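Any value given below was found using the heavy atoms of this structure, including those in side chains, with hydrogens, waters and symmetry copies removed. This structure is a prediction, so every number in the text was calculated from the model and none was measured.
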Amino acid sequence: MKQRALRTDNRAIAWTPFLALVVAGGITTPTRADDDMRSSPPDTTSYSRPAVAEDFDPLNAAGTADPGKAVQFDVFVVDTVVNNTDSNLKLTDTFNDGEISIAVRPEHPEQLVITSFAESWGVRAPLWLSKNRGNTWTKEFTINPPPGAAGVAGCPCDQTVDFTRLKGLAGAFLTLGTNIYSALNRNPAALTFNYFESAPSVAQATNHLDGVIHVDQPWLLVGPQPGASGENVYVAYDNFLGAPDMHVAVATATSPLNFTTDNISGFSTRFINPGHRLAIDPSSGALYSLFQRRIAAGAGGSQNINYMLNRSTDGGNTWSLNGSTTGIVVANADSTQPTPKFCTVNALLGGVDHAAVDPQTGDVVYVYGNRDPTTGNNRLAVRWLTDDGAGGLVIGPEIFITGQVQAAIPSVAVTDKGTIGVFYYTCDGTSLSGFPIFTAHFAVSTDQGATFVGIVLETFLSPATDNGNARQRVLGDYMQVKAEGDQFYGGFTGNGLPFGRNFANNDPIFFNVSVEPQKAKIASN
């Protein structure tokens with residue numbers, strides 16, 4: 001599916017509906033009161049149903065880039081279930097495929113991996129693998145459960161992946177209400193993941209150093225070791241036995257992964273999910289931990305949130321930014337989370353925050369939610385943090401990515417030339433048949449966030465209406481976009497119908513955005 005770009009200049013984008021989906025299901029509710037803000041267990045309901053008339057009434061929301069912008073984008077969007085080596089999969093696969101993580105092989109960016117809630121552990125759980133830059137995909141059952149681990153049934157409950165430069169694919173996998181297990185896989189198409197075993201046939205938990213067995217939402221990234229030639233594998237997670245506490249565990253990128261460092265980067269609060277994320281400076285190896293702290297009740301049923309940031313310059317051993325060992329406040333704003341649910345069907349149990357680092361300058365780009373007190377719209381804003389010349393960071397002014405829309409689930413990346421790309425969803429009202437309308441967007445800035453060019457990736461009806469469960473999540477808690485060279489690679493949960501499905505289903509949708517025109521363009525669907 002090929003799209004063109006539309007200039008937004010920080011104004012509301014007049015996106016229009018394009019799709020439709022289905023039946024709601026149940027989610028197991030946590031049994032402890034202090035579990036209410038955890039993202040686990042996930043919503044893995046099969047949101048699948050026969051097509052309805054509105055599924056086939058898309059309106060073209062794409063336009064042309066503003067002629068004053070000397071920027072051209074090549075955009076490629078494909079359904080991993082439809083463009084699959086198994087031609088029967090598009091007729092049979094009914095899994096929800098929420099909550100997308102993506103990995104791009106640095107030396108060979110034609111190799112891509114996506115994870116989603118695409119089946120649970122029996123012998124192995126699957127990942128989605130492409131060897132030709134996303135043109136075709138294979139559902140590979142290569143994620144083996146950690147040996148000897150409890151809480152495996154029904155999981156992986158959260159999972160994030162990233163490629164190392166030499167050792168293969170790293171992945172972190174959450175078991176139900178217990179621990180995180182991380183491992184490496186040399187060949188995601190053939191081999192299983194190699195877990196570090198603390199005793200024969202017993203996998204060692206990533207969070208083993210603090211003894212925590214009440215953890216949530218692992219976020220794995222690979223980055224260079226500061227001042228050295230090797231790589232580290234970092235896993236951020238939340239300890240809900242604490243404030244919750246923000247932890248970052250560290251292992252050298254060797255197989256198997258042995259996590260020998262685990263330190264606290266800050267403290268969150270109750271009432272919301274911390275939305276703990278990582279960002280890495282690919283040049284210096286500086287590591288950033290960002291998270292949310294709910295300070296007070298906000299207007300209109302929202303929460304007033306401090307968006308926090310902390311930094312480690314020694315591989316996660318110590319944490320400090322601008323003199324604070326627990327992080328600084330980048331911005332304060334109201335945000336409607338985790339409930340009322342986004343677009344009435346997706347509880348925001350993964351926060352509304354993400355950050356990335358400009359590889360050229362080391363500047364930090366921080367995206368977050370900001371509710372307008374007058375309209376009640378939850379917009380997305382960005383702040384640019386720059387070197388203050390004394391080892392700290394200066395926080396830049398607030399710039400809005402969106403206009404007056406309801407937006408959530410952002411993910412940001414920066415290319416090697418400093419171009420910013422931000423993925424997010426908007427809630428665009430309700431269809432005549434009563435289904436909420438989502439649009440998946442990608443916004444690009446070549447002038448440090450002063451203006452954005454917007455791209456519609458897909459507009460679709462929600463797979464369900466409100467099922468009465470406060471933890472319902474038809475999309476999930478996060479999506480991911482990453483940059484390699486001048487390319488953006490991302491994934492999101494969307495409807496497979498316009499891509500060739502004959503029934504409505506949530507599928508992992510892959511997209512590639514090239515800032516510079518490519519000599520050999522990717523074939524569009």
K.L.:
For the side chain of Asn132 and the backbone of Thr136, is there at least one donor-acceptor N/O pair under 3.5 Å apart?
P.N.:
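Pair found, side chain donor or acceptor close to backbone of Thr136.
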
K.L.:
With the side chain counted from C-beta on, respond yes when Val233 and Leu220 share a heavy-atom pair under 4.5 Å apart, and no when they do not.
P.N.:
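When only atoms from C-beta onward are counted, Leu220 and Val233 do touch, with a gap below 4.5 Å.
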
K.L.:
Out of curiosity, Leu380 CG to Phe423 CZ, how far, rounded to the nearest 0.5 Å?
P.N.:
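Reported to 0.5 Å precision, the distance equals 10.5 Å.
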
K.L.:
Decide whether Asn304 and Ser302 meet the rule of one side-chain donor and one side-chain acceptor closer than 3.5 Å.
P.N.:
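Asn304 vs Ser302: no donor-acceptor pair found between side chains.
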
K.L.:
Within the side chain of Asn84, is there an N or O that forms a donor-acceptor pair under 3.5 Å with the backbone of Trp137?
P.N.:
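It does hold such a pair.
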
K.L.:
Considering non-hydrogen atoms only, spot the tightest contact between Gly266 and Phe291 and give its length.
P.N.:
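Looking at all heavy atoms of both residues, the closest pair is CA-CZ, 3.7 Å.
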
K.L.:
Do any pairs count as a salt bridge (Lys or Arg N to Asp or Glu O under 4.0 Å) and have a residue in residues 339-354, sequence neighbours left out, and if so which ones?
P.N.:
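Qualifying pairs: Lys341-Asp466.
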
K.L.:
Please name the pair of heavy atoms, one in Val444 and one in Thr419, separated by the smallest distance, quoted to 0.1 Å.
P.N.:
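Nearest pair, atom of Val444 first, then Thr419: CG1-CG2, 3.4 Å.
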
K.L.:
Would you say the side chains of Asp97 and Ser116 form a donor-acceptor pair under 3.5 Å?
P.N.:
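The criterion, which ignores hydrogens and geometry beyond distance, is satisfied for Ser116 and Asp97.
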
K.L.:
Can Thr94 and Ser48 be counted as having a side-chain donor-acceptor contact under 3.5 angstrom?
P.N.:
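Side-chain D/A pair, Thr94 to Ser48: absent.
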
K.L.:
Please, which pairs that meet salt bridge (Lys or Arg N to Asp or Glu O under 4.0 Å) have at least one residue in residues 492-506, sequence neighbours excluded?
P.N.:
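Listed by first then second residue: Asp93-Arg501, Arg501-Asp507.
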
K.L.:
If you measure only the distance, is there a donor-acceptor pair under 3.5 Å linking the side chains of Asp372 and Asn377?
P.N.:
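No, Asn377 and Asp372 have no side-chain donor paired with an acceptor closer than 3.5 Å.
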
K.L.:
Has Asn239 got a side-chain atom pairing as donor or acceptor with Asp245's backbone, closer than 3.5 angstrom?
P.N.:
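No: the side chain of Asn239 does not pair with the backbone of Asp245.
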
K.L.:
With a sphere of 6.0 Å drawn around NZ of Lys139, does it hold more than 12 non-hydrogen atoms of other residues, nucleotides or ligands?
P.N.:
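Yes, the 6.0 Å shell around NZ holds more than 12 heavy atoms from other groups.
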
K.L.:
Evaluate the ring planes of Phe342 and Phe438, with Trp represented by its six-membered ring, and classify them as parallel (under 30°), tilted (30 to 60°) or perpendicular (over 60°).
P.N.:
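The rings of Phe342 and Phe438 sit tilted, inter-plane angle from 30° to 60°.
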
K.L.:
Identify the heavy atoms of Pro244 and Pro274 that sit nearest to each other, and give their distance.
P.N.:
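What the structure gives for the nearest pair is CG-CG, 4.0 Å.
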
K.L.:
Would you name the heavy atoms of Phe435 and Ser462 that are closest together and state the gap between them?
P.N.:
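Heavy atoms only, the tightest pair is CD2-O, 3.5 Å.
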
K.L.:
Less than 4.5 Å apart, side chain to side chain, heavy atoms only: is that true for Val422 and Val382?
P.N.:
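A side-chain contact under 4.5 Å is absent here.
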
K.L.:
Just so I know, are the side chains of Lys482 and Leu221 near enough to count as touching, which here means a heavy-atom distance under 4.5 Å?
P.N.:
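Side chain of Lys482 against side chain of Leu221, heavy atoms only: contact under 4.5 Å found.
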
K.L.:
Which of these, Val515, Val104, Val414, sits in a side-chain contact (heavy atoms from CB on, under 4.5 Å) with Phe488?
P.N.:
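For Phe488, the side-chain contact (heavy atoms from CB on, under 4.5 Å) check succeeds only for Val515.
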
K.L.:
Check the angle between the aromatic planes of Tyr195 and Phe193 and answer parallel, tilted or perpendicular using the 30° and 60° thresholds.
P.N.:
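Tilted: the ring planes of Tyr195 and Phe193 meet at 30° to 60°.
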
K.L.:
Is it the case that Glu140 and Thr142 place a side-chain donor and acceptor less than 3.5 Å from each other?
P.N.:
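Side chains of Glu140 and Thr142: no pair found under 3.5 Å.
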
K.L.:
Just checking, any donor-acceptor pair under 3.5 angstrom between side chains of Asp238 and Gln217?
P.N.:
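No, no side-chain donor-acceptor pair sits under 3.5 Å.
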
K.L.:
Under 3.5 Å, is there a donor on one side chain and an acceptor on the other for Thr115 and Gln159?
P.N.:
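Short answer, no.
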
K.L.:
Is there side-chain contact between Trp219 and Asp158, with heavy atoms separated by less than 4.5 Å?
P.N.:
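When only atoms from C-beta onward are counted, Asp158 and Trp219 do not touch, as no gap falls below 4.5 Å.
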
K.L.:
Looking only at the side chains, is there a donor atom on one of Gln480 and Ser411 sitting less than 3.5 Å from an acceptor on the other?
P.N.:
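Note: Gln480 and Ser411 side chains miss the donor-acceptor criterion.
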
K.L.:
Closer than 3.5 angstrom, by distance alone: can the side chain of Arg371 be matched with the main-chain N or O of Gln303 as a donor-acceptor pair?
P.N.:
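Pair absent, no side-chain N/O of Arg371 close to backbone of Gln303.
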
K.L.:
Do you see a donor-acceptor pair shorter than 3.5 Å between the side chains of Asn512 and Gln487?
P.N.:
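Yes, because at least one side-chain N or O of Asn512 sits under 3.5 Å from a partner of the opposite role on Gln487.
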
K.L.:
For residues Ser40 and Leu174, determine if any side-chain heavy atom of one lies less than 4.5 Å from a side-chain heavy atom of the other.
P.N.:
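Yes - at least one pair of side-chain heavy atoms lies under 4.5 Å apart.
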
K.L.:
When Tyr368 is tested against each of Glu398, Gln292, His354 for side chain to side chain donor-acceptor pair (under 3.5 Å), which residue passes?
P.N.:
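Only one of Glu398, Gln292, His354 forms a side chain to side chain donor-acceptor pair (under 3.5 Å) with Tyr368, namely Glu398.
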
K.L.:
Which word best sums up how the rings of Phe492 and Phe511 line up, parallel for under 30°, tilted for 30 to 60°, or perpendicular for over 60°?
P.N.:
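Ring orientation, 0 to 90° scale: tilted.
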
K.L.:
Distance-only, no hydrogens or angles: does the Asp477 side chain make a donor-acceptor pair with backbone N or O of Gly351 under 3.5 Å?
P.N.:
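It does not hold such a pair.
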
K.L.:
Hey, does Val364 have a side-chain heavy atom less than 4.5 Å from the side chain of Leu309?
P.N.:
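When only atoms from C-beta onward are counted, Val364 and Leu309 do touch, with a gap below 4.5 Å.
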
K.L.:
Could you pull out the closest heavy-atom pair between Pro508 and Val81, with the gap in Å?
P.N.:
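Taking Pro508 first and Val81 second, the nearest heavy atoms are CD-CG2, 3.8 Å.
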
K.L.:
Among Asp79, Val82, Ile100, Leu457, find the one that has a side-chain contact (heavy atoms from CB on, under 4.5 Å) with Ile509.
P.N.:
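So the option named by the test is Asp79.
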
K.L.:
I want to check something: taking the side chain as every heavy atom from C-beta on, are Thr44 and Asn96 in contact at a cut-off of under 4.5 Å?
P.N.:
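No, side chains not in contact.
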
K.L.:
Taking all non-hydrogen atoms of both residues, which atom of Gly301 and which atom of Pro340 are closest, and how far apart?
P.N.:
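Scanning both residues, the minimum pair turns out to be O-CD, 4.4 Å.
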
K.L.:
Report the relative orientation of the aromatic rings in His247 and Tyr237; use parallel for angles under 30°, tilted for 30 to 60°, perpendicular for over 60°.
P.N.:
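Parallel: the ring planes of His247 and Tyr237 meet at under 30°.
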
K.L.:
Would you check if Ser39 and Arg473 make a side-chain contact, meaning some heavy-atom pair closer than 4.5 Å?
P.N.:
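A side-chain contact exists here, since the closest heavy-atom pair is under 4.5 Å.
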
